[in-house]
Amino acid sequence: MSTSLRTRLSSLRYAASALTLLLAGCVSGPDHVPPEMPLPAKFEEGSSKSNGNVVTAEWWTAYRDKKLDGLVAHGLSENLDVLQALESINSASANVTVAGAGGLPSLSLDASHTVSGEKGRLRSTVGTTNTSGGEASLSWLLDVFGQYRRSKESAIASLGAAYATADNAKLTFLKDLVESYIDARYYQERIALSQANLKSRQQTYELTQLQLKAGAASRLDVVQAEGLVQSTKADIPGLEQSFTESAHHIATLLGMPAASLTDELRKNTGQPVFRGDIRAGIPADLIRNRPDIRKAERELAAAVADIGAAQAQLYPSISLSGSISPSWVRSSGASGASLTSWSFGPTLNLPIFDGGKLRANVDIEKSDARTQYLAWKAAVLNGVEEVENALSAVRHDTQTLEPLRRQVQTAQESLALSTTSYKDGASSLLDVLDAQRSVSDAQESLAATVQQVAKDYVDLYVAIGAGYLEPEHATSKQTAKPG
């Protein structure tokens, strides 16, 4: 390369560097500011104490069910929805590189070698010609108004939204898995109650047959007793089917074939009962802990950055490009010769008339940003509502447990008294059958309420955004305190 060429290239390089430094702070569009909205100091039925960071709180351990703990640990790494959401992070990460690449210099190298010649009576040359050549091309679009910086900023915000989406998928999985497990144990409890009631009603039916033979009962009594036996038998298949469906769904959530867990789950461990405290925190905690709110905030940040990228297209753009093409040619019977050509210079692109397209793009991005802000507000308010409802459900449903337990006891006592009275001939069979129905209804109501209260705690801890991150790298593990 000649001294003159090196001097020119050096001057242009320094000029480009100076221009870049001069305009480094010139970035189009608004900067993202984390949104805020007024929130109450506490939930209506909560305390004014903040929860802090609860994303690693293993709240499901408060059910004290080792089987459930094992299912959660396995499912967090195997659930297909979670794995899909995690995979989307890789795509979003690659988009960050793509978005920032436009503002960086681009260099490409090409090389070629050809052999040419002529044949025939009309040929003008004899022998062959060997031509070797190459080209180095450099181009750099100066990001004067921050188009690519804003695009990269948007991509980074979208990457944050992808992480939040994966966290939300984990939280959704936890809710689905724990509630399905609670349902499976509920149906097992109902099956056990139905089988116990069937045994009691079968005994009553047999007693009535004996009473009929002794002349102390009518045929109507026998038919009524048998009808209650048959209705109880008819309930059990439906309950077994519901249990099977819950077991199949749990297996699917774990990324396993549907029937792979059924036999293992048939080992009944009783209905899960939450033995932890209520840790709702304050509404402000939700903005930090709930992944759906963080996702909405990151999507808002991306939309704001897109405004700047769109506005930058309204302004002139400057690109620097250059190329060096050395070549070497050698013909048969002649010495070789070389030739080097080069070019370097800036290009200015100034949008003048585009029918309003570029300004319309800015308006579109502004509208998208306003939409994302409203979506963020909606996510916050929805989170507050879910926590409020879960707190109310926990408190009110829990209050019904003790009366229902007492109702079961009184119904069982009434059944024992009416059965004894019927054997002594002091009361009718109808009293016994009514008492049996009362026992069955009370037991079913208690089992359903135990199921609902267990689900209420799931709703509460999912609503506050707890437990979707593994505490491997946490400085302190936060778990639901035993009560």
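A quick note: this is a predicted structure, and the numbers were derived from the prediction, not measured. We use all heavy atoms of the structure for the numbers below, so side chains are in, but hydrogens, waters and symmetry mates are not.
Side-chain atoms of Asn389 and Glu386 form no donor-acceptor pair, as typed in the model, at a separation below 3.5 Å. A donor atom on one side chain and an acceptor atom on the other are not found under 3.5 Å apart for Ser445 and Gln407. Using modelled atom types and a 3.5 Å distance limit, the side chains of Ser194 and Asp235 yield no donor-acceptor pair. Of the N and O atoms on the side chains of Gln241 and Glu245, at least one donor lies less than 3.5 Å from an acceptor on the other residue. Judged purely by distance below 3.5 Å, without hydrogens or angles, the side chains of Ser154 and Asp306 pair a donor atom with an acceptor atom. Neither side chain, Ser139 nor Ser321, offers a donor N or O lying under 3.5 Å from an acceptor on the other.
Atom OG of Ser440 is separated from atom CG of Leu193 by 8.0 Å, given to the nearest 0.5 angstrom. The line from NZ of Lys66 to CZ of Arg64 is 10.0 Å long, rounded to the nearest 0.5 Å. Taken to the nearest 0.5 Å, the CZ atom of Arg185 stands 12.0 Å off from the CG atom of Asp183. Rounded to the nearest 0.5 Å, atoms CG (Asn51) and CZ (Arg279) are 5.0 Å apart. Of the inter-residue distances, the one linking Asp459 atom CG with Gln452 atom CD reads 7.5 Å to the nearest 0.5 angstrom. Separation of atoms CG (Leu228) and NZ (Lys233) is listed at 12.0 Å; rounding is to 0.5 Å.
Gly29 and Arg150 make their closest contact through O-NH2, 3.0 Å (heavy atoms, listed as atom of the first residue, atom of the second, distance).
A salt bridge links Asp434 with Arg437: the distance from a Lys NZ or Arg NE/NH1/NH2 to an Asp or Glu carboxylate oxygen falls below 4.0 Å.
The number of heavy-atom neighbours closer than 6.0 Å to CD of Glu78, taken from other residues, nucleotides and ligands shown, is above 12. The neighbour count for Lys175 NZ, taken as heavy atoms of other residues, nucleotides or ligands under 6.0 Å away, is above 12. Other residues, nucleotides and ligands contribute over 12 non-hydrogen atoms within 6.0 Å of the CZ atom of Phe43.
When ring centroids are compared, Tyr468 and Tyr461 stay outside the 6.0 Å threshold. Taking the six-membered ring where the residue is Trp, the centroids of Tyr187 and Phe243 are separated by 6.0 Å or more.
A parallel orientation is assigned to the rings of Tyr373 and Trp376, their planes being inclined by less than 30° (bins at 30° and 60°).
Side-chain atoms of Asn349 and Ser319, non-hydrogen and from C-beta on, never get closer than 4.5 Å to each other.
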